[in-house]
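A note on names: the letters A, B, ... follow the listed sequences, proteins ahead of strands, and every chain is numbered from 1.
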Number of protein chains: 2
Amino acid sequence: MILEIFKSLPAAELAELLADFQAIATRHSYPKNTLLHQEGTRCDHVFILEKGVARTFYYKDGKDVTAHIATEGESITAIDSLIQRKKSRYNVEVVEDSVVMLIAYPEMQQVLEQKPQHEKYIRFFLEQIYMDLADRIENLLFYTAKERYERLVEDKPDLLQRINLSHIASYLGISQETLSRIRASKE
Amino acid sequence: MILEIFKSLPAAELAELLADFQAIATRHSYPKNTLLHQEGTRCDHVFILEKGVARTFYYKDGKDVTAHIATEGESITAIDSLIQRKKSRYNVEVVEDSVVMLIAYPEMQQVLEQKPQHEKYIRFFLEQIYMDLADRIENLLFYTAKERYERLVEDKPDLLQRINLSHIASYLGISQETLSRIRASKE
DNA sequence: AAATCTATTTGACAATTGTCAAAATCACTC
DNA sequence: GAGTGATTTTGACAATTGTCAAATAGATTT
């Protein structure tokens with residue numbers, strides 16, 4: 001159940017971390033469209049996708065907006081709630097039938113209290129997702145709707161077959177109609 | 001030299017962290033427009049503003065783009081380089097005459113190796129700057145140029161007197177001309 | 001105070017994208 | 001396989017914002 005981003009790290013040190021987290025993780029299967037976390041409640045889990053696709057979304061002026069998408073080997077959660085320990089504005093749902101590892105936050109904290117040397121991996125994890133957001137900002141600032149779409153296709157070609165166009169559109173910050181036209185203009 | 005965001009944390013635990021970081025921090029004064037870090041080199045410092053204003057910027061298609069702005073009680077660095085330990089694409093400069101605390105990354109790592117219990121504060125720090133980026137993305141996705149400007153004025157009213165309009169514009173993802181017109185349309 | 005350099009504003013126009021409404025396509029159920 | 005509901009596409013139009021060029025204002029130097 002190792003996260004993709006950890007695969008480059010020194011195996012020896014990592015093994016203990018993984019063992020400790022394996023010990024508190026549980027595996028679940030969910031059918032398509034299952035809500036893993038509901039907005040307005042506190043989120044106490046990190047979800048790691050073994051198989052399938054999941055997204056976080058929220059409602060902005062009544063519209064469903066996708067904030068994050070995760071596929072195999074990636075993690076997803078209601079990050080605001082997990083960080084600030086309060087009610088979340090995000091929902092998390094699986095978009096396909098999925099197999100998910102759950103790590104409960106309180107147990108994770110306990111592991112980190114007992115073995116603070118693991119904290120540096122959490123730090124590494126946060127650094128990675130921070131850089132992901134920085135990339136996304138640059139994407140929004142400097143690339144046109146069309147370019148953003150092309151970059152997503154380049155990065156995750158399979159995603160477009162696996163998730164609704166409307167979700168892709170809101171994730172990219174484009175109206176669904178514009179995204180549809182962009183697709184039509186290709187080939 | 002405490003960071004604004006740490007002020008809400010339990011004082012007792014925090015005191016040791018601060019003492020340990022004070023021990024490796026050095027204070028410097030820089031005149032306006034001094035470059036604290038140059039792109040293409042590895043950044044080995046975190047800068048904490050005691051007085052003044054600083055920004056990170058980079059060149060995108062030859063244009064100066066402001067990525068981050070920090071004022072008193074906030075921190076700034078070439079975050080890509082600090083995280084990934086490689087050459088940075090960012091420059092860091094002070095925009096006003098400033099007093100800055102420097103913390104060298106290698107020494108910070110050493111402190112964290114010796115006292116891994118401090119890692120959780122680093123984690124807290126990363127979580128905070130992560131949420132800042134998430135806010136910025138939402139800002140870009142859902143608010144017009146005018147609204148983004150108004151929100152910045154609301155949040156940091158003094159900034160507009162302290163830093164060039166062109167820097168504010170690129171930070172907000174707006175052309176300088178549009179920002180100028182937005183300002184003209186008010187009052 | 002004139003001269004020079006920098007920063008900001010203004011004008012004219014074009015391009016990108018959003019919105020609303022309707023049609024077409026697709027997917028699933030009975 | 002007809003029918004129903006969800007998803008995607010298309011059309012027409014308006015609004016926001018960017019670009020390029022020039023003018024103005026402000027700041028700094030001699």
Side-chain angles (χ1 to χ4, degrees), chain A residues 31-35 53 55 57 59-66 69 93-97 136-153 158-187, chain B residues 31-35 53 55 57 59-66 69 93-97 136-153 158-187:
Chain A
K32 185 175 175 168
N33 296 332
T34 307
L35 211 57
V53 180
R55 69 179 184 116
F57 65 101
Y59 292 96
K60 178 81 184 178
D61 301 329
K63 280 184 200 156
D64 175 326
V65 176
T66 297
I69 301 171
E93 74 171 11
V94 298
V95 169
E96 292 178 347
D97 296 352
R136 206 166 156 219
I137 288 177
E138 185 165 341
N139 211 21
L140 289 170
L141 283 177
F142 301 117
Y143 297 92
T144 63
K146 184 170 185 173
E147 288 166 336
R148 275 179 268 157
Y149 171 75
E150 283 164 354
R151 291 170 136 241
L152 182 66
V153 171
D158 57 321
L159 215 54
L160 300 148
Q161 277 72 56
R162 302 175 81 180
I163 188 169
N164 280 357
L165 196 67
S166 61
H167 299 153
I168 301 281
S170 69
Y171 177 68
L172 292 175
I174 308 172
S175 74
Q176 188 182 172
E177 294 91 332
T178 296
L179 186 52
S180 176
R181 278 182 250 264
I182 286 167
R183 292 214 303 188
S185 75
K186 326 225 52 167
E187 105 266 24
Chain B
K32 185 174 175 171
N33 294 331
T34 307
L35 212 56
V53 181
R55 69 180 186 117
F57 66 100
Y59 293 96
K60 178 80 183 177
D61 302 330
K63 281 185 201 154
D64 174 326
V65 176
T66 297
I69 301 172
E93 72 170 13
V94 297
V95 169
E96 291 178 349
D97 296 352
R136 203 165 159 219
I137 287 178
E138 185 164 340
N139 211 22
L140 288 171
L141 283 177
F142 300 118
Y143 297 92
T144 63
K146 184 170 184 171
E147 287 166 337
R148 275 178 268 156
Y149 171 76
E150 282 164 355
R151 291 170 135 240
L152 182 66
V153 171
D158 57 322
L159 214 55
L160 301 148
Q161 276 70 57
R162 300 175 81 180
I163 188 170
N164 279 357
L165 195 69
S166 60
H167 299 151
I168 300 281
S170 68
Y171 177 69
L172 292 175
I174 309 172
S175 73
Q176 189 183 169
E177 294 92 332
T178 295
L179 186 53
S180 176
R181 278 182 249 264
I182 286 167
R183 291 214 303 186
S185 77
K186 325 224 56 167
E187 103 267 22

Non-hydrogen side-chain atoms of B/Leu160 and B/Tyr149 separated by less than 4.5 Å: yes
Whole-Å distance separating the CG atom of A/Leu160 from the P atom of D/dT7: 16 Å
A/Asp64: partners by side chain to side chain donor-acceptor pair (under 3.5 Å), with sequence neighbours left out: A/Arg55
For A/Asp158, all residues meeting side-chain contact (heavy atoms from CB on, under 4.5 Å), sequence neighbours excluded: A/Lys156, A/Arg162
Sugar-phosphate or base contact per nucleotide [nucleotides 8-25 of chain C; S, B, -; heavy atom under 4.0 Å]: BBBBB----SBBB-----
Spacing between A/Asn33 atom CG and C/dC28 atom P, to the nearest angstrom: 11 Å
Nearest atoms (heavy-atom pairs only) where B/Arg148 meets B/Gly173: NH1-O, 3.6 Å
Side-chain heavy-atom pair B/Val65, A/Phe142 within 4.5 angstrom cut-off: yes
